[in-house]
Participant: 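Just passing along the structure, written as structure tokens.
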Amino acid sequence: MTLERYNAPEREAHWQQVWADRETFKTREDASKPKYYVLEMFPYPSGRIHMGHVRNYTMGDVVARYRRAKGSNVLHPMGWDAFGMPAENAAMQNKTHPAEWTYANIDTMRRQLKTMGLSIDWSREFATCHVDYYRHQQKLFVDMLAKGLAYRKSSKVNWDPVDQTVLANEQVIDGRGWRSGALVEQKELTQWFFKITQYSDDLLEALATLDKWPEKVRLMQTNWIGRSEGMQIRWALKDAPKGHTELEIFTTRPDTLFGASFMAIAPDHPLAKAASTSNPKLAAFCDDCRRMGTSVADLESAEKQGFDTGIRAVHPLDPTWTVPVYVANFVLMEYGTGAIFGCPSGDQRDLEFARKYGLPVIPVVMPKDGNAETFAIDDEAYVDDGVMINSRFLNGMDTVAAFKDVQRRLETATLGNGPVGTLKVQFRLRDWGISRQRYWGCPIPVIHCKSCGVVPVPDKDLPVVLPDDATFDVPGNPLDRHPTWKHVACPKCGAEAERETDTMDTFVDSSWYFVRFTAPAAATPVDATAAKYWLPVDQYIGGIEHAILHLLYSRFFCRAMSATGHLALKEPFGALFTQGMVNHETYRAKDGQWVTPAEVRIDSDASGRRAVLIATGEPVEIGSVEKMSKSRRNTVDPDDIISQYGADCARWFMLSDSPPERDVEWTEAGVEGARRFIQRIWRAVDEAVAKGAAKGTPMPTGFGAAGEALRRAGHKTLEAFSRNVENLRFNVAVAQLYELTSTLTAAMGQSEDGLPWAIREAAELLIQMLGPMMPHLAEECWARLGYNTLLADQPWPEPDKALLVDDTITIAVQVNGKRRGELTVRREATSSEVEAAVMQLDGVLRALDGKSPKKIIVVPQRIVNVVA
RNA sequence: GCGGACGUGGUGGAACCGGUAGACACACAGGACUUAAAAUCCUGAGAUGGCAACAUCGUGCGGGUUCGAGUCCCGCCGUCCGCACCA
């Protein structure tokens, strides 16, 4: 055979050029077609693309190309999540500018992505660090401010006293700053927040409508929002500082009120602060508690600690009963009212606290089948529902009835200015703090004026542009220390004023980029017509690591943008798919150093696999399979793979074997397998051109057995493949193409009237199905099959329904549930026909051993079970 | 601690709604072609016993429902993930 091997790198460059020249993937608004918006989470321009990107964008590209062929008008854009800390860190280390570093990375990564042959409309590309993007984000901010969706409040930050800078949580390692190693302190700063809690209920309830999201993600968001129903109850205080006549707490268990033995308030609670002024020991205790907060690591093991304030609280259901008020380290100011009542018998934390400080433990709920005389609490609280005991008028009720009874009594009782207790829904969700004391982010467009206060930058003065000439040689916020940038006149009164020097969290940038893609050049943040046509995103694909924050913030932004008139949409992503990670074996040399896969050669035989260093032949230890990471040096550079084997090979491997939601292990052997398959397709098409009918030959009137079988295989594969791609079951779809290829190859070894036509048909179907997965090879084969059109422009073939159902079928025959043979019958065979045929089978007769069957269960077209 | 997912050959994984377990691929073994190798093609293979036909066992473990269970139910064991003092 003189057929040359398919030269992937060379042909891939060719087809990428053809697509670019013809603007094949440029999206045009076309109301005559149904729209389909496919989006993969846009990358952070960290330097180079990695295999995770390759997997993510391959999956998205299969969907995009498939939908396009199916007749949808597809939007498949790409951009850059380009603001963020790494650029600023790089600037400090390398004495460059964050913009320079970022744009250089974008150029590299764009070039890399283009070698993947993605069907992306590159004309819509943008980077969030460009003023043409963030100017619109500033407009959104100003509008949210006007609507009360953005506000300022005092909040704690991690403060590095040596570097004099604010640290993100991930920059705090074991309670110390990641650069300076100094002990991190908590510092109060006034910061900007988005009022996401305004939509707590809506964000929670709308999860039910997202039926094309993974159950896991919806559950994670449900837990994150954390809705709980309970009561807010006010207790009168005795011996309290002036002005503190009562204490309000939140509880989900008002039914256990008679089990109360103490009150506990957060160290930051106003009552704690008031009591501290006259009590130095208490003040010292509160300070201790605050320091504990910094080292999140040992929070888990932190012991319950409390301090008796001397204040007493009056039980709301018995004015003669008082309990002590403690400050406790486990009560959070941010949740509920920052105060609780302690019921040790019904809550494990309260129990530990009570045991430590010798407080009473009164059992108030026992299991339904419990004995009130003997039921006691030892070292485990009883937290389940049950029957009330030791609770006066509640005794004998179940917990639900007791809740209602207490609610009725507290709502009618009054204290001070209103009812003692009110029904209340609490959420775990907190407002979203967006202030970052950094340079490389979207400036928050407000001005602080001594007389006018916080003044939003007027629309006519937008955008607030980052100054190019910031310095990065010392820690701290470059915007704040810039000599001129922050000094401006107040837009209201004209007096000297200062710009806000905080920039926005980069999660803000990624909370609406998918909207901007629908009209990336619009003069306003959103083009209403384009947004209405394209949104919501039909299929969003990305990593599970964004299951909570990014997706929740984007859902919030849709609501906020709708409230400010920019959008009319609640949910941004109709369907979500979370893909697994790319893993690789790890290798360690004798000296314990990690070794990269590129430096290692694997030899394997029946006795196992061994790894050696290519350079020296020295043996290398094969370690566990881990997520690709720089620290373990088990990464494979997509550039190397693509330049050596081609993009199609990398794409095909990513889609094969592992289900897309699960982790995939990148292996050299697997890549070799993909490469072999590419050559196999190449040869098969060559053979099909030689042995198949000429292009455009009319269909023969009849086919022999081989032709008929090949046609059925082709159409059945088409039907199943399409279904699997639609359900993103790429690994199964891939297996089907392997199978069809084998069937086609085998058929070409035969000869029969009509078979050449069937061969051409099967080859064409195979190539068309291959199109979304290995687009370059498919174009090449399409041309070889005699077409001068682009495969990328071909409509998706429709299976011939008549070929999907067989006239005769083979079904399994069981005796007592054990398979004893099989039976080939007409598809429409009646149960009695099947029964009769079954009783002729050797295997059945042998298994029956002369006995006659009790009954025969016939499941049409499925199975027969003879019960003896 | 709470919540969730998963557990199938040597490996990755298939198996629609409860109906022939192991598709497809990798690795392996044998064969063909070749002076040889590479490449390619063909064949084999869950385990045990048997020359074979075939039989028995087999989807983490133990029970259950069913004519029939990888799939459904109950109880364990293991692995992974998320949240974590949320009152």
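Chain naming here is simple, since letters A, B, ... match the order of the sequence lines and numbering starts at 1 in each.
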Participant: Taking the side chain of A:T810 as its heavy atoms from C-beta onward, which of B:rA23, B:rU20, B:rC26 lies nearest to it?
Facilitator: B:rU20
Participant: Heavy atoms under 4.0 Å, any strand shown: does A:R430 hit a base, just sugar-phosphate, or nothing?
Facilitator: base
Participant: What contact category does A:V864 fall into here, base, sugar-phosphate, or nothing, at under 4.0 angstrom with non-hydrogen atoms?
Facilitator: nothing
Participant: Between B:rA39 and B:rG30, how far is it from one P atom to the other, in whole Å?
Facilitator: 16 Å
Participant: Say we look at B:rG70 and B:rG18: how far apart would their P atoms be, to the nearest angstrom?
Facilitator: 13 Å
Participant: Check the distance between B:rC26's C1' and A:R676's CZ and give it to me in whole angstrom.
Facilitator: 8 Å
Participant: Name the one of A:W235, A:Y357, A:F353 that satisfies ring-ring contact (aromatic ring centres under 6.0 Å, His included) with A:F262?
Facilitator: A:F353
Participant: Whole Å only: how far is the CD atom of A:E822 from the P atom of B:rA21?
Facilitator: 11 Å
Participant: If you look at every strand shown and take non-hydrogen atoms under 4.0 Å, does A:N865 touch a base, only sugar-phosphate, or nothing?
Facilitator: base
Participant: Taking only the side-chain nitrogens and oxygens of A:Y335, find out if one of them lies under 4.0 Å from OP1 or OP2 of B:rA87.
Facilitator: yes
Participant: Is the shortest side-chain N/O distance from A:R349 to OP1 or OP2 of B:rA87 below 4.0 Å?
Facilitator: no
Participant: Atom CH2 of A:W666 to atom P of B:rC26: distance rounded to whole Å?
Facilitator: 15 Å
Participant: Select one nucleotide: of B:rG19, B:rA87, B:rC81, the one nearest the side-chain heavy atoms of A:V859.
Facilitator: B:rG19
Participant: Answer syn or anti for B:rG13, where the cut-off is 90° from 0 on the glycosidic torsion.
Facilitator: anti
Participant: Can you tell me, in whole Å, how much space there is between the P of B:rG60 and that of B:rU56?
Facilitator: 22 Å
Participant: Aromatic ring centroids of A:Y738 and A:W652 under 6.0 Å?
Facilitator: yes
Participant: Tell me whether A:D347 is salt-bridged to A:R253, with the criterion being a basic N under 4.0 Å from an acidic carboxylate O.
Facilitator: no
Participant: Please tell me which of the listed nucleotides, B:rU40, B:rC24, B:rA87, lies nearest to the side chain of A:T252?
Facilitator: B:rA87
Participant: Can you tell me, in whole Å, how much space there is between the C1' of B:rG13 and that of B:rG50?
Facilitator: 32 Å
Participant: Taking the nucleotide of RNA chain B with the nearest heavy atom to each, does A:F427 or A:R680 sit closer to the 5' end?
Facilitator: A:R680
Participant: Counting side-chain heavy atoms from CB outward, which of B:rA23, B:rG82, B:rA84 is closest to A:M220?
Facilitator: B:rG82
Participant: Identify whether any heavy atom of A:V867 sits under 4.0 Å from a base atom; if not, whether one sits that close to sugar-phosphate; answer base, sugar-phosphate or nothing.
Facilitator: sugar-phosphate
Participant: Taking atom P in both B:rC61 and B:rA45, what distance in whole Å separates the two?
Facilitator: 25 Å
Participant: Rounded off to whole Å, could you give me the CG-to-P distance for the A:L351 and B:rA87 pair?
Facilitator: 18 Å
Participant: Would A:R428 pass as a cation-pi partner of A:W224, given that its NZ or CZ must be under 6.0 Å from the six-membered ring centre and within 45 degrees of the axis?
Facilitator: yes
Participant: Confirm from the modelled atom types if A:K854 and B:rC67 form a donor-acceptor pair under 3.5 Å, side chain to base only.
Facilitator: no
Participant: A:R862 side chain N/O closer than 4.0 Å to the phosphate oxygens (OP1, OP2) of B:rU20?
Facilitator: no
Participant: Out of B:rA84, B:rC41, B:rA25, which has the shortest distance to the side chain of A:Y738?
Facilitator: B:rA25
Participant: Would you measure the distance from the C1' atom in B:rG63 across to the matching atom in B:rA14 and give it in whole Å?
Facilitator: 29 Å
Participant: Using a cut-off of 4.0 Å on non-hydrogen atoms, how would the nucleic acid contact of A:S658 be classed: base, sugar-phosphate, or nothing?
Facilitator: sugar-phosphate
Participant: What's the closest nucleotide to the A:I857 side chain, out of B:rA84, B:rC67, B:rG12?
Facilitator: B:rC67
Participant: How far, in whole Å, is B:rC57 from B:rA38 if one measures between their P atoms?
Facilitator: 44 Å
Participant: In whole angstrom, what separates A:K818's NZ from B:rG58's P?
Facilitator: 8 Å
Participant: With a 4.0 Å limit, can you tell me whether A:R820 has a side-chain N or O closer than that to the phosphate oxygens OP1/OP2 of B:rU20?
Facilitator: no
Participant: Roughly how far apart, to the nearest Å, are B:rG68 and B:rC81 at atom P?
Facilitator: 40 Å
Participant: State the syn/anti category of B:rC17 according to its glycosidic angle, syn meaning within 90° of 0.
Facilitator: syn
Participant: Look at the side-chain N and O atoms of A:N223 and state whether any lies under 4.0 Å from the OP1 or OP2 oxygen of B:rG4.
Facilitator: no
Participant: For residues A:W666 and A:F653, establish whether the separation of their ring centroids is below 6.0 Å.
Facilitator: yes
Participant: With the side chain of A:V331 defined as its heavy atoms from C-beta on, choose the nearest nucleotide among B:rA55, B:rA87, B:rA14.
Facilitator: B:rA87
Participant: Distance check needed: B:rG1 P versus A:Q348 CD, whole Å only.
Facilitator: 11 Å
Participant: Using the side-chain heavy atoms of A:W224, tell me which of these nucleotides is nearest: B:rU20, B:rA14, B:rC83.
Facilitator: B:rC83
Participant: When you compare the side chains of A:N724 and A:Q736, does any donor N or O come within less than 3.5 Å of an acceptor on the partner?
Facilitator: yes
Participant: Could you summarise the pairing of RNA chain B as dot-bracket text, marking Watson-Crick and G-U pairs under 3.5 Å with ( ) or [ ] inside the strand and | across strands?
Facilitator: (((((((..(((......[....))).(((((.......))))).((((....))))..(((((..]....))))))))))))....
Participant: Of A:N724 and A:G821, whose closest RNA chain B nucleotide lies nearer the 5' terminus?
Facilitator: A:N724
Participant: Scan A:Q814 against the nucleic acid and name what it touches under 4.0 Å (heavy atoms): base, sugar-phosphate only, or nothing.
Facilitator: base
Participant: Specify the separation, in whole Å, of atom CG of A:D686 and atom P of B:rA39.
Facilitator: 20 Å
Participant: Does this structure show an ion pair linking A:D268 with A:K156, if we count only N-O contacts that are shorter than 4.0 Å?
Facilitator: yes
Participant: Taking A:S345 for its side chain and A:I362 for its backbone only, find out whether a donor-acceptor pair lies under 3.5 Å.
Facilitator: yes
Participant: If we ignore hydrogens and angles and just use 3.5 Å, is the side chain of A:N329 paired with the main-chain N or O of A:C289 as donor and acceptor?
Facilitator: no
Participant: Are A:E626 and A:H584 side-chain neighbours, meaning at least one heavy-atom pair lies under 4.5 Å?
Facilitator: no
Participant: Taking only side-chain nitrogens and oxygens of A:R729, does any of them come within less than 4.0 Å of OP1 or OP2 of B:rA14?
Facilitator: no
Participant: Are A:S228 and B:rA87 close enough that a side-chain N or O sits under 4.0 Å from OP1 or OP2?
Facilitator: yes
Participant: Classify the nucleic acid contact of A:L219 as base, sugar-phosphate or nothing, counting any heavy atom under 4.0 Å across all strands shown.
Facilitator: sugar-phosphate
Participant: Rounded to whole Å, how long is the line connecting atom CZ of A:R675 with atom P of B:rA39?
Facilitator: 8 Å
Participant: Between A:E215 and A:R218 (salt bridge meaning N to carboxylate O under 4.0 Å), is one present in this structure?
Facilitator: yes
